[in-house]
Amino acid sequence: MLLTFNDLSSLIDFVFLSFRPANSTSIHMTSFKSSNLMQFFDDPKNFGASEVKSGRSWTVDELRIKSNIDLQKLWFVLLKERNMLLTMEYNCREACYLFPSPERIDKIQDSMTRLEQVIHERNDAYWQLEIGEEAPKPRAEKTLDPTDPLAAIREPIEAVTQVKDRATLKFQYLIKEKERKLKLKQKRLHEREAAMLLKYFPNMDKEALQAKYPDVNVEKLKFVQRTRGSHEFNTA
Amino acid sequence: MRLTVMLSKIAKFSTDYSNLPESYIKRAMRQVYWEAPRDLPQYLPVTLEKKKFRYTMNRPWTEEFRRQNLSRRKKVFVEPLKEWTFFRGDRVEVLVGKDKGKIGLVSQIIEERNWVVVEGLNVHYRWIGKTDDYPGTVIQSEAPLLVTNEVALVDPSDDKGTKVEWRFTEQGEKVRVSKRTGHIIPVPISASETIDFKAKAGYPEQEKDTRAADMSEHTYIPQSKTFEMDLMEHYRLE
């Protein structure tokens, strides 16, 4: 979402004010404008709308040219927008109304992630130069490797197999067997799919097929019964 | 082969045309059967969710697609293509069906099924809004055509369908060349069209959008400081 820097004065007020409890004896919340709470909600003309148009998210290159102060301001603008969208989403769900354009939340999230990435790059540059280490990441990223079938338990496996005794050796043997079986299962599935594709599309581009299934030997598939269709193509 | 494999099966064109972030499409398509509670360490972080989707005429982030994908259906075999040669607004000749030989414009592309929808051709009629006493209105709906053998790009020199190849010009530009005549078939302007705009220059900036001038303004001066150090100096907190 491309957002403006226009509301900076109200932004600073919002960020640095402390909230007072509603039942406190202190009179009025002097520095509060009633519109500040309404900032949690969307523009009233969007209430009940089926669609709210918005631009795309910030790209990394666009963020890299901005100064640190600008990035800080942008972060809070994005944060406010995100809070507003999440409030609207919750309330729409409670009231059984359609929440228009939910992709706005994902656009904001992408912008914020990339902003953090740019800041990390700048910190990393300083750390590598002056300290000789990589800058610490505030949030530990935990993305699992999509090609690894045992990705969810890879960390515990590595932790357990540090000690080399009889039990861990047996465990390692069994884990390797499991991985081997899963890999074979995957390969057989791909071979079956490739054979069926050859059967249904006899004139297809074999190079495209090989590119789609790199672990399958497409040449050998013509010896397989499954590739035989009601035609004589792709058979030995 | 889980997780991101699901998303990789959605073609780049679909995400480009929709202007939607990939994470939103993934979130909208997701059908989770069961997810282990992440805060309880005795459970492995597994998610049982639908992985095999059948791509239909409805776009993957729509409610209709979700309804069509609630039950498991027979597998669809889609021929893998090396390169995609059809764009929105292309002139194509239909090679099969009752509109055989006719030329039309491509209005929709569904790359995941190797489909192309030609405007006004290969149509069938269906009734909608039928009630007990009202017969409903009849509308025309185009059936998709397979890119491999049911449709051919039209050669602009002789207005007939040809087989097409991607080749490089002397300038290094990648172009589509008709195999029969050698004529270049240019990519139509409406190929870069999206749901939100017909051309990037014609996009009307919304209220909350950053203006193009503000966005391209260069304000960063690299200094030997971390982000936090720079801010502290600026706000004079040291």
Side-chain angles (χ1 to χ4, degrees), chain A residues 1-5 43 52-58 62 64-72 74 81 102-107 109-110 119-120 122-123 125-127 129-130 135 142-147 149 151-153 156 186 193 196-197 199-201 203-205 207-209 211-213, chain B residues 1-8 18-28 36 38 44-47 61 75 77-83 114 148-149 195-196 203-212 214-231 233-235:
Chain A
M1 164 95 66
L2 303 195
L3 294 168
T4 65
F5 297 131
D43 196 348
V52 174
K53 286 191 188 282
S54 58
R56 61 167 173 79
S57 52
W58 287 81
E62 284 158 8
R64 282 192 184 120
I65 61 170
K66 297 292 173 205
S67 68
N68 289 325
I69 313 303
D70 283 344
L71 288 181
Q72 191 213 14
L74 179 62
E81 183 70 14
E103 71 270 10
R104 292 179 285 170
I105 300 174
D106 294 86
K107 287 179 184 174
Q109 187 53 48
D110 284 345
I119 293 171
H120 180 74
R122 292 182 186 177
N123 285 352
Y126 176 85
W127 274 70
L129 201 63
E130 305 287 335
K142 248 196 171 180
T143 44
L144 299 175
D145 181 12
T147 54
I153 51 171
Q186 200 65 249
E193 277 180 13
M196 292 301 270
L197 280 170
K199 175 181 167 185
Y200 291 127
F201 306 112
N203 299 317
M204 74 143 84
D205 195 349
E207 284 174 20
L209 185 65
K212 189 173 180 193
Y213 298 109
Chain B
M1 285 293 200
R2 294 133 189 212
L3 302 169
T4 53
V5 172
M6 171 175 81
L7 190 67
S8 66
S18 64
N19 273 335
L20 294 172
E22 280 186 24
S23 56
Y24 171 68
I25 298 175
K26 193 171 164 185
R27 187 159 69 93
R38 297 289 189 261
L44 284 175
V46 294
T47 309
W61 50 88
K75 190 185 165 92
F77 287 97
V78 178
E79 194 178 331
L81 299 174
K82 255 204 261 176
E83 269 161 334
N114 288 347
T148 43
N149 58 347
I195 279 176
D196 291 326
Y203 171 73
E205 284 184 333
Q206 304 297 325
E207 213 181 283
K208 290 192 177 169
D209 290 344
T210 310
R211 305 289 163 244
D214 291 331
M215 192 188 81
S216 50
E217 206 185 310
H218 200 121
T219 51
Y220 179 53
I221 303 160
Q223 286 172 320
S224 187
K225 286 180 210 167
T226 60
F227 177 76
E228 290 83 12
M229 284 160 69
D230 199 4
L231 289 188
E233 276 186 28
H234 183 259
Y235 291 115

**Asked** Quick one: CZ on A:Arg104 to CG on B:Leu20, what's the gap to the nearest 0.5 Å?
**Response**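 Going from the CZ atom of A:Arg104 to the CG atom of B:Leu20 covers 12.5 Å.
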**Message:** Here's one to test your reading of the geometry: is the NZ or CZ of A:Arg56 within 45 degrees of the ring axis of B:Tyr203 and under 6.0 Å from its centre?
**Reply:**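 Verdict for B:Tyr203: no cation-pi partner in A:Arg56.
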**Asked** So, A:Gln72 and B:Tyr235: side-chain donor and acceptor under 3.5 Å apart, yes or no?
**Response**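 Yes.
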**Message:** Testing the 3.5 Å rule here: is there a donor-acceptor pair between the side chains of B:Ser23 and A:Gln109?
**Reply:**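 Looking only at side-chain atoms, A:Gln109 and B:Ser23 do not form any donor-acceptor pair under 3.5 Å.
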What part of [X] gets within 4.5 angstrom of chain A, counting heavy atoms only: side chain, backbone, both, or neither?
X: B:Ile221; value: neither
X: B:Thr148; value: neither
X: B:Glu83; value: neither

**Message:** With side-chain contact (heavy atoms from CB on, under 4.5 Å) as the criterion, how do B:Leu44 and A:Ile153 come out once you've worked through the C-alpha distance, each side chain's angles and the decisive distance to 0.1 Å?
**Reply:** CA-CA 7 Å; B:Leu44 284 175; A:Ile153 51 171; 2.9 Å; yes
Checking the side chain of [X] only, and the main-chain atoms of [Y] only, is there a donor and an acceptor separated by less than 3.5 Å?
X: A:Asn123; Y: B:Phe227; value: yes
X: B:Asp209; Y: A:Gly55; value: yes
X: A:Lys66; Y: B:Met215; value: yes

At a 4.5 Å cut-off on heavy atoms, which part of [X] comes close to chain B: side chain, backbone, both, or neither?
X: A:Pro102; result: both
X: A:Ala211; result: neither
X: A:Asn68; result: both

Do you know which of [options] has the most heavy-atom pairs under 4.5 Å to chain A?
options: B:Glu79, B:Glu228, B:His218, B:Gln206; result: B:Glu79
options: B:Asp196, B:Val78, B:Asn19; result: B:Val78
options: B:Lys75, B:Glu205, B:Gln223; result: B:Lys75

**Message:** Walk me through whether B:Lys225 and A:Arg122 qualify under side-chain contact (heavy atoms from CB on, under 4.5 Å).
**Reply:** CA-CA 8 Å; B:Lys225 286 180 210 167; A:Arg122 292 182 186 177; over 6 Å; no
**Request:** Show your reasoning for whether side-chain contact (heavy atoms from CB on, under 4.5 Å) applies to B:Leu81 and A:Asp205.
**Result:** CA-CA 7 Å; B:Leu81 299 174; A:Asp205 195 349; over 6 Å; no
**Item:** Minimum heavy-atom distance B:Pro80-A:Ala208, with the two atoms named
**Value:**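 Smallest heavy-atom distance, with atoms named: O-CB, 3.4 Å.
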**Message:** Using side-chain heavy atoms (C-beta onward) and a distance below 4.5 Å, is A:Asp106 in contact with B:Glu22?
**Reply:**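 A:Asp106 does not reach B:Glu22 side chain to side chain.
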**Message:** Can you tell me which of A:Glu103, A:Lys212, A:His120 forms the most heavy-atom pairs within a distance under 4.5 Å of chain B?
**Reply:**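 Looking at each option in turn, the highest pair count goes to A:Glu103.
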**Message:** Pair B:Tyr24, A:Lys107 - check side-chain contact (heavy atoms from CB on, under 4.5 Å), show working.
**Reply:** CA-CA 8 Å; B:Tyr24 171 68; A:Lys107 287 179 184 174; over 6 Å; no
